[in-house]
Number of protein chains: 2
Amino acid sequence: MASPGFWSLGAENGGDSGGQSPITARAWCQAAAQKFTGGIGSKLCALLNVGEVEKSPDGAEKRHVENCNCITKPCSCSKTNLGFSELYSTDLLPALDGDLKTMTFLQEVVDILLAYIMESFDRSTKVIDFHYPNELLQRNNWELSDEPETLDDILISCRATLKYAIKTAHPRYFNQLSTGLDMVGLAADWLTSTANTNMFTYEVAPVFVLLEYVTLKKMREIIGWEDGRGDGIFSPGGAISNMYAMLLARYKMFPEVKEKGMSSVPKLVAFTSEHSHFSIKKGAAALGIGTESVICIKADERGKLIPSDLERRIVEAKQKGYVPFFVSATAGTTVYGAFDPLIAISDICKKYNIWMHVDGAWGGSLLMSRKHRWKLNGVERANSMTWNPHKMMAVPLQCSALLVREEGLMQSCNQMQACYLFQQDKQYDLSYDTGDKALQCGRHVDIFKLWLMWRAKGTIGFEAQIDKCLELSEYLYNKIKDRDGYQMVFDGKPQHTNVCFWYLPPGVRYLEDKVERMKRLHKVAPTIKARMMEYGTTMVSYQPQGDKVNFFRMVISNPAATFEDIDFLIEEIERLGQDL
Amino acid sequence: MASPGFWSLGAENGGDSGGQSPITARAWCQAAAQKFTGGIGSKLCALLNVGEVEKSPDGAEKRHVENCNCITKPCSCSKTNLGFSELYSTDLLPALDGDLKTMTFLQEVVDILLAYIMESFDRSTKVIDFHYPNELLQRNNWELSDEPETLDDILISCRATLKYAIKTAHPRYFNQLSTGLDMVGLAADWLTSTANTNMFTYEVAPVFVLLEYVTLKKMREIIGWEDGRGDGIFSPGGAISNMYAMLLARYKMFPEVKEKGMSSVPKLVAFTSEHSHFSIKKGAAALGIGTESVICIKADERGKLIPSDLERRIVEAKQKGYVPFFVSATAGTTVYGAFDPLIAISDICKKYNIWMHVDGAWGGSLLMSRKHRWKLNGVERANSMTWNPHKMMAVPLQCSALLVREEGLMQSCNQMQACYLFQQDKQYDLSYDTGDKALQCGRHVDIFKLWLMWRAKGTIGFEAQIDKCLELSEYLYNKIKDRDGYQMVFDGKPQHTNVCFWYLPPGVRYLEDKVERMKRLHKVAPTIKARMMEYGTTMVSYQPQGDKVNFFRMVISNPAATFEDIDFLIEEIERLGQDL
């Protein structure tokens, strides 16, 4: 921990109050209550007594149950002295007299979380304490039973859960496109949980609905749509946002499909690059279009869709009597981080009257950077765009937006006008009841963390954070491109933070038998990755692609990462792979 | 507040430390640091100094910037004395030296949240401080700008957001099927946010994936599937769970639909009661089946599907050459709380070889109650079931499960085997990489709050909570069924906690002109509801249904509600409606 002991109360040791004897703590409690009015004495008193324990000769922990002498009654001492081992969830609010117990319990949980956060940012701790599934099942009792457990057991479960969790905030966690933990975003998510409401109507989420409105408008302005006009919604992830876009494109061309289904329309075909995200095919399967109707367009060696191939395949499809209705360009592919040429694609879409969607789940956030937004030139011509702030902007999971240029389309495409939810005779402006735009009925509040982070950083703060990640990836690229034992998967500086490379350990590097060499190289990344997890030092992803054997895909979205962490990653790959 | 002042530090007043002078607080800080080792002194010291403010003669607040005399350095005093008005999010972790500032900031947020929780459970506070959208937009600056704001501004935004939020924990909040706030569930959601990971692979969510496995198995056991066998997933809400079920049913009958789309299959038809949830039609629209292919089956006067009508319509459809593939029975309809007769429906489904789905989003939780689970008799014969613990079990939003009897079907229906995520050469048992079962790629961790609440309550705790809500609704029913001015929408004791009724104010009650009476009665519920929101005293839903004019739909899922709150609701309806 960066600051050992500071928040140790109740963190690692189940509430040992930092070394002082219980007597001293009680004396403090009394003094606190006498010195202060207005509640602060009781607060201190409670903090001191939470988890005040004493080891009995047999080693078992005993909690003090004597009453304290606080002058303000009721104070929390007597209650918390009962100890969580004698309290159950039914003692918490809404239980009568449950307020102090609730506060104490929640504060204890927060102390555990704060300690975990401190630890997560500390490079000397493990990213993961890895165990195989069967092993992990045995390491703790995870079963559900008929009988309740004490709050003490609940706190133990919280600690155990965190002990075996991935520290996604760790500066050396690079495994996914979503990494890092933003402190303002976290605070906002805690608030969201506490507000515990649903996005479907203004009635039950007035502030959050307004903030969604404000934020979506801002995002559309950044895309470049006039006055930020258009529509949009936050959905449960990029795959669903992409599916929504496909649904809208189909409805726009054939509105009768909503009532009559696919049997009323000609054979539809969609187009996307061979490097695009699998959610385009998943969406097509779900929507009854079928994966075979998603035509994969060739990408160049950098992973960018080749516009001439797109046009050729569109013409071909039309000749067969199919109806091209949807092109999904990718702004930031998952593996290579490639940006499809949006202007050329938009020209083709316009020519053939096809809905142009931009899947910017990963790369969309580069619009926030004056230095890098040119990579999305042409996005303003799109009909819709997926943009996941939970990736490159490091907003806590989940936070994915679908932006749509045409107003009103989402509503007419998806609405069912349930009379018990979207009553037409409410007292307020019903355009704020946005729930019927979605396929979901209830919808989680994903907006507040993005909004609050945006307030805290400003657009320039996001820009700085994004630019820094790109700078780190360029540093990595420059460091390994000519380094012994490394081979880049594609030539040239990466456009996004994806750096794809093979590490060739000495035993593989000089092998002359090409087949044998590929066979062994294919196993290098999985082996090093498995070792990384065993040691828990860092985590980075790998995969094969097409005819290419397993390679590392390094991505940087973690705002905690530094140049030294990049150096560490390279050293660690070499350390763990030297014998392969 | 239940315990005024106790947690007032930083709550309502922006950090006024409870009345003591800053000098005293600093003296305390010094004493704390001297008396204790192991960090607790610093902790107290930090708490005392957070938001330590002094009013200058012109009324402006000034924060102390002098250094304290803590003997353990660095202590937090000097830093927190800087005040949040001089700190930015860039001062927090991962900033160098950001640990104490981070802790102090997060603790300040937690204090705001704890105060909000206390307030929410207090009946003397408003459920909502209602403002019309335009008014609310003007009450605060909600705009996003290029420049960052200070942490002080961020805290102010947090307070403003909560000020205008609905207090969903309030004992008199009855507006939706999801109400109340469980303290263990909340703690679990805070932990989930802190862990900030994704459910797609065991690699990045080892514990949560295991807990999902354990919990889904337990839920399947409770449904009555042998040894809890089967499959399932947590999805973003009941509407998506229902859509998944329809997707699986289609795939089971015509697996080629995944590749070839709806054009490869005959015309499919689905069946559900006219009282069922709108998500069945939304799902059919999305999946390319079309809303017209959802055949609405007549319900009886209590809202239950009539099996003979179901069979008649199935036969009719088959005669037309359509293929019936899906029946969605509802266990707990949204408005009436009706339970469709599952045994009779399952006989019909078996006879005609149709997938039987049970939408138990609202009523499924009654399976936890030995007293009420008979209402779902026959559910064990279903092929799939939607069950939303975020409704009747009061798990924080969102928490919706789809349970599926056949193993392996979800995987083959939805998988796309993305090689960058579901690598086949990982070191652990790949059956724990459950992400490819879903349409989503990233998937929010919804499991931990349910799992932790289940541990805290035990099955019997959930049972008691559910039984109590049903008892309260029976109390309400008995209270109003013969009361002057009330008319029940349907006869007999409700099966779920839905109590549907008209309140006829004196001015309407004795009107002889039937048409005029209906016209005026239609406006009663919306008017009373609007007044409830203006006063902020309670919230309950209303709607028309078929040819029935607007009536109140009272539902009880809020564990904080008591008999007195039911009495209050009736008094309030009468108070607010007496002049109508």
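First the proteins, then the strands, lettered A, B, ... as listed; each starts at 1. This is a predicted model, so every value here is computed, not measured.
- Within the 4.5 angstrom heavy-atom criterion, only backbone atoms of A:Val257 (N, CA, C, O) approach chain B.
- A parallel orientation is assigned to the rings of B:Trp451 and B:Phe448, their planes being inclined by less than 30° (bins at 30° and 60°).
- With a 4.5 angstrom heavy-atom cutoff, A:Thr334 touches chain B only via side-chain atoms.
- Between the side chains of A:His131 and B:Tyr428, no donor-acceptor pair of N or O atoms lies under 3.5 Å.
- Contact tally against chain A (heavy-atom pairs below 4.5 Å) for B:Pro148, B:Gly442, B:Gly261: the top residue is B:Pro148.
- With 3.5 Å as the limit, one finds no donor-acceptor pair spanning the side chains of A:Thr291 and B:Lys258.
- At a 4.5 Å heavy-atom cutoff, the contact between A:Thr215 and chain B is made by backbone and side-chain atoms alike.
- Residue A:Leu93 touches chain B through both its backbone and its side chain, counting heavy-atom pairs closer than 4.5 Å.
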Task: Audit row: A:Trp190, A:Leu113, side chain to side chain contact (heavy atoms under 4.5 Å, CB included) steps and yes/no - done: CA-CA 11 Å; A:Trp190 287 355; A:Leu113 299 181; 3.8 Å; yes
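- Across B:Leu268, B:Ile289, B:Asp153, the residue that shares the most heavy-atom pairs under 4.5 angstrom with chain A is B:Ile289.
- When heavy atoms are compared at a cutoff of 4.5 Å, A:Thr194 approaches chain B by way of both its backbone and its side chain.
- For A:Tyr116, the part lying near chain B is the side chain, with the backbone staying farther off; criterion is any non-hydrogen pair under 4.5 Å.
- Residues meeting the side chain to side chain donor-acceptor pair (under 3.5 Å) test with B:Tyr542, sequence neighbours left out: A:Asp425.
- In this structure, chain B has a heavy atom under 4.5 Å from the side chain of A:Asn175, while its backbone stays farther away.
- Only the side chain of A:Ile128 comes within less than 4.5 Å of a heavy atom of chain B; its backbone N, CA, C and O stay farther away.
- Of the atoms belonging to B:Asp182, not a single heavy atom falls under 4.5 Å from chain A.
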